[in-house]
Amino acid sequence: MSELTESTIWRTLQSHFEQIKPLHMRNMFADDPARFERFSLHLDDLLFDFSKNRITGETIKLLCELAEHCDLADWIEKMFRGDAINHTEQRAVLHTALRNQNNNKIEVENQDVMPEVRAMLDKMRLFSEQIRSRHWRGYTNQPITDVVNIGVGGSDLGPLMASEALHSYALHDLKLHFVSNVDENHIGDTLESLKPETTLFIIASKSFTTQDTLVNARTARRWFLKRADDNAAIGKHFIAVSNNIEAAVEFGIHEDNIFKMWDWVGGRYSMWSAVGLSIAISIGMDNFEQMLKGAYQMDEHFRTTPFEQNIPVILALLGIWYNNFFNSQTYAILPYDQHLRYLPDYLRQADMESNGKRIDRNGHLVNYNTGPVAFGQLGITGQHAFYQLMHQGTKLIPADIIAPITNWQCIRSHHRVLMANVFAQTEAFMRGKTEQEAKAELEAEGVSAELMEVLLPNKIFPGNKPTNTILFNTLDPVSLGRLIAMYEHKFFVQGIIWNINSFDQWGVELGKQLAKTVLDELDGPEPTSAHDSSTNGLINYYKKMRPSNEPE
Ligand code: F6P
């Protein structure tokens, strides 16, 4: 039995859950007109409304006691000051240092990391300005018009999500492209419209060993050299972001063109580092630094605010409430802004690679649910796709609904409809529709008694579906930085409560190892018998059926 589920506070929460379970939020709102004020928090223009959750004041009090029981405050300090809390890789976890705005030292092995961080930001500024101002010239003396970021996972999703989110700030005659899939169609389709003379490649790989990225990078280099026909030209067109300088140099990238990462920055937390170089090139370094400022604002809030008013802490504890007490297996991230369309993908990696763990910090198998399945899509698209299941299916799917109050264009006829949907959906999830209400509606429509019998059960919405609503003024670098940092801290808090290491990712290793072995087998002509019958059968079928004239 784990200490967590055996603790008094866990048991108290368990019996509290039994009291809360039968209650309907519709009645909670009816009984307490101040519920919204009681259960919403602000940080500047960010409003975090968590009143549409199946909670009372007592729930929040008990969940905060759980956080105290798990020494959350100590763990927060350990992270921010650079202790090696990623114990399986013996590393500090310091993405917060990348956006630190004060003059305090942050030490890793007695070495202040801040001078190196500032030097990296200076180098990013210099380089991005050269590209943006067209001072950086390619091998035929033309300016760069297209930047291709080649990376995968954290070396792709952060820049992809953020550059799309801040699209309104982008320099529009400079196009960004992202290649992550080793499927040749991804790089093939991307290169189709590009010219080597005006294209810059950023090879983003912390390890510089990720097979997908290296295969794509080699293809890009071949494509480039086919036209340039001069290895020296690579210096003008290939940049690396990596912790493995040696491998990047060996690939042919000039040392001056390598932006350093540190082992204390996890891949999925790395968009604040030089992994964000493509973001800086697109929106400019001043805006990139505003994004860091927004994140720092959330860091300070997280570090200094009592748990009951602490946005990431409450967000995380609500997640624990549904995951561990209501036993809900998933939650949805539903942004209502076209430019946030990659946010669910980004947060899915950040959450599931962080908290998809079953071994606790003491090396024991856990006996409780850890990380949930995170999924999502643009809210409006989801409404016409999977909200049906959320409203009337058999699963409890809590959701985060995220919407800026205004946007760059803010055309009234569009934006009012959008926001009307935001408010209507959160209300529908909470209230549902009772049998009485559904019946009255059908009667008003004049349906026959016969049809009434068929329709009525289908017209009832149980409601009582929890949502958090997150509103902020507009999607800009500051609000984006704040939003992402909020989620990072949410995942951190949950990892602490579950007593797992949120910062390693051993689970991705097995597939990688096996793929290496299989790759050798695919090259030979003879059938394989080294695996189970299914894997052998699949490999051998592929070998028999594949074209014999595949180009390199
Ligand atoms: O999929 C595992 C992973 O290690 C992620 O954590 C990481 O973001 C991604 O691969 C890419 O790794 P790298 O930046 O080292 O190429």
Side-chain angles (χ1 to χ4, degrees), residues 85-95 98 120 124 148-163 178-183 186-187 201-221 238-251 253 257-279 342-357 371 373-374 484 487-488 491-492 495 500-516 519:
I85 60 170
N86 174 357
H87 70 291
T88 59
E89 297 180 305
Q90 296 166 324
R91 288 176 187 166
V93 173
L94 273 179
H95 44 281
L98 301 169
M120 171 207 70
M124 284 175 72
V148 183
N149 187 86
I150 299 181
V152 71
S155 299
D156 167 68
L157 289 167
L160 174 69
M161 177 278 297
S163 58
F178 291 88
V179 173
S180 54
N181 195 341
V182 73
D183 175 357
H186 201 180
I187 188 130
F201 293 96
I202 301 175
I203 316 300
S205 176
K206 179 177 168 185
S207 59
F208 225 85
T209 58
T210 305
Q211 197 180 40
D212 328 39
T213 299
L214 292 185
V215 169
N216 278 324
R218 284 187 208 113
T219 298
R221 187 178 55 188
F238 281 78
I239 304 292
V241 181
S242 188
N243 184 34
N244 186 350
I245 312 289
E246 230 179 22
V249 169
E250 202 180 303
F251 179 86
I253 295 177
N257 289 349
I258 300 174
F259 290 76
K260 193 173 158 39
M261 276 180 84
W262 301 273
D263 65 2
W264 42 261
V265 182
R268 54 193 174 273
Y269 299 90
S270 66
M271 61 176 255
W272 321 98
S273 72
V275 166
L277 186 61
S278 51
I279 312 171
Y342 295 123
L343 183 72
D345 300 27
Y346 174 78
L347 292 178
R348 188 184 309 125
Q349 185 204 10
D351 193 347
M352 294 173 73
E353 206 167 71
S354 296
N355 287 338
K357 313 284 163 68
V373 178
I484 301 304
Y487 275 105
E488 286 177 348
F491 308 142
F492 170 79
I500 53 177
N501 181 0
S502 303
F503 300 104
D504 58 13
Q505 56 284 315
W506 300 106
V508 296
E509 291 303 319
L510 179 61
K512 281 190 192 174
Q513 274 169 14
L514 292 180
K516 277 201 188 114
L519 184 61

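Any value given below was found using the heavy atoms of this structure, including those in side chains, with hydrogens, waters and symmetry copies removed. Remember, it's 1-based here, ligands and their atoms both numbered in the order they're listed.
V152 O, 3.2 Å is the protein heavy atom nearest to atom 11 (C) of ligand 1. Summary of contacts: the protein heavy atom closest to atom 7 (C) of ligand 1 is G154 N, 3.9 Å. Protein heavy atom at the shortest distance from atom 15 (O) of ligand 1 is S207 OG, 2.6 Å. With hydrogens left out, the protein atom closest to atom 14 (O) of ligand 1 is S155 OG, 2.6 Å, a heavy atom.
Relative ring orientation between F503 and Y269 is described as tilted, the plane-to-plane angle lying within the 30° to 60° band.
With 3.5 Å as the limit, one finds no donor-acceptor pair spanning the side chains of W506 and E89. Counted by atom type alone, S207 and T210 present one or more donor-acceptor pairs between their side chains at under 3.5 Å.
Between N244 and T209, the closest side-chain pair of non-hydrogen atoms falls below 4.5 Å.
The aromatic ring centres of Y487 and Y346 sit 6.0 Å or more apart.
Annotation for ligand 1: atoms under 4.0 Å from non-hydrogen atoms of S205 are 13 (P), 14 (O), 15 (O), 16 (O). Heavy-atom proximity to E353, at under 4.0 Å, picks out these atoms of ligand 1: 1 (O), 2 (C), 5 (C), 6 (O).
Using a cut-off of 4.0 Å between Lys/Arg side-chain N and Asp/Glu carboxylate O, D504 and K357 are scored as salt-bridged.
Of the polar atoms of G153, none of the N or O atoms is found under 3.5 Å from an N or O of ligand 1, judged by distance alone.
Scanning K206, K512, Q211 for the heavy atom closest to atom 4 (O) of ligand 1 points to K512. Considering only non-hydrogen atoms, atom 13 (P) of ligand 1 lies nearest to T210 out of T210, N244, V508.
For the pairing with W264, the side-chain contact (heavy atoms from CB on, under 4.5 Å) check across L94, N243, V93 returns one residue only, L94.
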